[in-house]
Amino acid sequence: MAADTKQVVGPNKVVAVYFTLKNEAGEVVETNRRGGKPLIYLHGTKAILPGLEKALEGRAKDAQFSVTIPPELAWGSPRPEFIEKVLRSTFPEDMKVQVGLLVRGVDPNGKPITATIVSIEGDEITIDRNHPLAGKTLYYDVIVAGVRDATREEALHGHVHGAGGAHH
Ligand code: ZN
């Protein structure tokens, strides 16, 4: 049976995927396969990791595959300047600061930041603003759950409308 090109992943296709992300140790980091909703994105818009988008190119609906994505096609290398020391007084007094805690806040320019507390020495706390998966090789198991043409409006906007996308 000839492949229906309408259901093949490529530019201007809206793609629905189920995935399980594992780390080098084989532990599940993230999955939407346990009763979760599929990830829906517009192909070719850098809405997902470059390595994942590349691996999905040309896949037909219902395809299942595994892909190993090096850091440079995922979250990149950790940047040393993203590790910095801050004073305990930066955090709310009633907050229980501890190593490994993920903290959210805003930088002096009002930009939202996420950081992990990596060490605590007295009043001095070291935080790491790198993405937790920076420098990591990622292991994805993927199922292509659906492929459809983007509407003209979606293609124009560069994102998905309706279920799993923007509502406006
Ligand atoms: Zn839109």
Side-chain angles (χ1 to χ4, degrees), residues 1-83 102-107 109-116 118 127-168:
M1 203 169 66
D4 179 358
T5 54
K6 274 187 120 46
Q7 306 238 303
V8 172
V9 178
N12 283 329
K13 295 289 185 182
V14 172
V15 186
V17 293
Y18 284 105
F19 67 89
T20 297
L21 165 61
K22 290 180 194 151
N23 60 19
E24 212 132 12
E27 296 155 346
V28 174
V29 175
E30 196 186 345
T31 183
N32 62 1
R33 292 195 53 191
R34 292 173 191 151
K37 289 198 173 108
L39 165 73
I40 298 175
Y41 77 99
L42 178 57
H43 194 80
T45 58
K46 299 186 168 76
I48 60 171
L49 293 177
L52 195 56
E53 189 162 60
K54 192 165 152 251
L56 277 154
E57 179 83 33
R59 304 274 181 180
K61 182 182 181 288
D62 297 328
Q64 295 193 22
F65 62 96
S66 298
V67 58
T68 301
I69 303 177
E72 60 270 26
L73 293 177
W75 292 101
S77 301
R79 293 166 63 172
E81 69 269 27
F82 279 12
I83 298 171
L102 196 68
V103 291
R104 283 168 220 280
V106 286
D107 73 5
N109 301 317
K111 211 172 146 238
I113 54 170
T114 304
T116 309
V118 289
I127 60 166
D128 184 351
R129 292 193 288 112
N130 285 292
H131 190 279
L133 294 172
K136 301 279 199 292
T137 298
L138 308 182
Y139 300 82
Y140 273 95
D141 294 321
V142 182
I143 297 174
V144 181
V147 183
R148 67 165 170 87
D149 287 323
T151 64
R152 238 185 107 227
E153 227 187 12
E154 286 172 328
L156 224 56
H157 288 195
H159 58 226
V160 177
H161 290 163
H167 296 269
H168 62 136

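In this text, all values refer to a predicted model and were calculated from it rather than measured experimentally.
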Check for a donor-acceptor pair, side chain of N23 on one end and backbone N or O of A25 on the other, with a separation under 3.5 Å. yes
Would you sort out whether E53 and V15 count as a side-chain contact (heavy atoms from CB on, under 4.5 Å), showing the intermediate values? CA-CA 10 Å; E53 189 162 60; V15 186; over 6 Å; no
Please assess L21 against L133 for the test side-chain contact (heavy atoms from CB on, under 4.5 Å), listing each intermediate value before the final yes or no. CA-CA 11 Å; L21 165 61; L133 294 172; 3.9 Å; yes
Looking at OG1 of T68 and OH of Y140, how far apart are the two atoms once the value is rounded to the nearest 0.5 Å? 12.0 Å
Hey, does the Lys NZ or Arg CZ of R129 hover above the aromatic six-ring of F82, less than 6.0 Å from the centre and inside 45° of the axis? yes
Using only atom types and a distance under 3.5 Å, with no angle test, would you say the side chain of K13 pairs donor to acceptor with the backbone of K6? yes
With rounding to the nearest 0.5 Å, note down the distance linking CD1 in I48 to CG in L56. 5.0 Å
To the nearest 0.5 Å, tell me how far I143 CD1 sits from T20 OG1. 7.5 Å
For V144 and V17 the tightest heavy-atom approach is CA-CG1, 4.4 Å
Between S77 and A134, which heavy-atom pair has the shortest distance, and what is it? C-CB, 4.3 Å
Scanning both residues in full, the closest heavy-atom pair of N32 with F19 reads OD1-N, 2.8 Å
Non-hydrogen side-chain atoms of T137 and P71 separated by less than 4.5 Å: yes
For V28 and R34, run side-chain contact (heavy atoms from CB on, under 4.5 Å): C-alpha distance rounded to whole Å, both residues' side-chain angles, the deciding distance at 0.1 Å, then the answer. CA-CA 12 Å; V28 174; R34 292 173 191 151; 4.0 Å; yes
Indicate the atoms forming the closest heavy-atom contact of Y18 with G36, along with that distance. CE2-O, 3.5 Å
Please confirm whether the backbone N or O of R79 pairs with a side-chain atom of N130, one donor and one acceptor, at under 3.5 Å? yes
If you define the side chain from C-beta out and look only at heavy atoms, does anything of L138 sit under 4.5 Å from L52? no
How close do H161 and R148 get, heavy atom to heavy atom, and via which atoms? O-NH2, 4.1 Å
Taking it one step at a time, do D62 and Q7 satisfy side-chain contact (heavy atoms from CB on, under 4.5 Å)? CA-CA 9 Å; D62 297 328; Q7 306 238 303; over 6 Å; no
Tell me the closest heavy-atom pair linking L42 and E154, and the distance in Å. CD2-O, 3.6 Å
Supply the atom-to-atom distance K22 NZ to E30 CD, rounded to the nearest 0.5 angstrom. 14.0 Å
Point-to-point distance, once rounded to the nearest 0.5 Å, from NE2 of H43 to CZ of R59: 11.0 Å
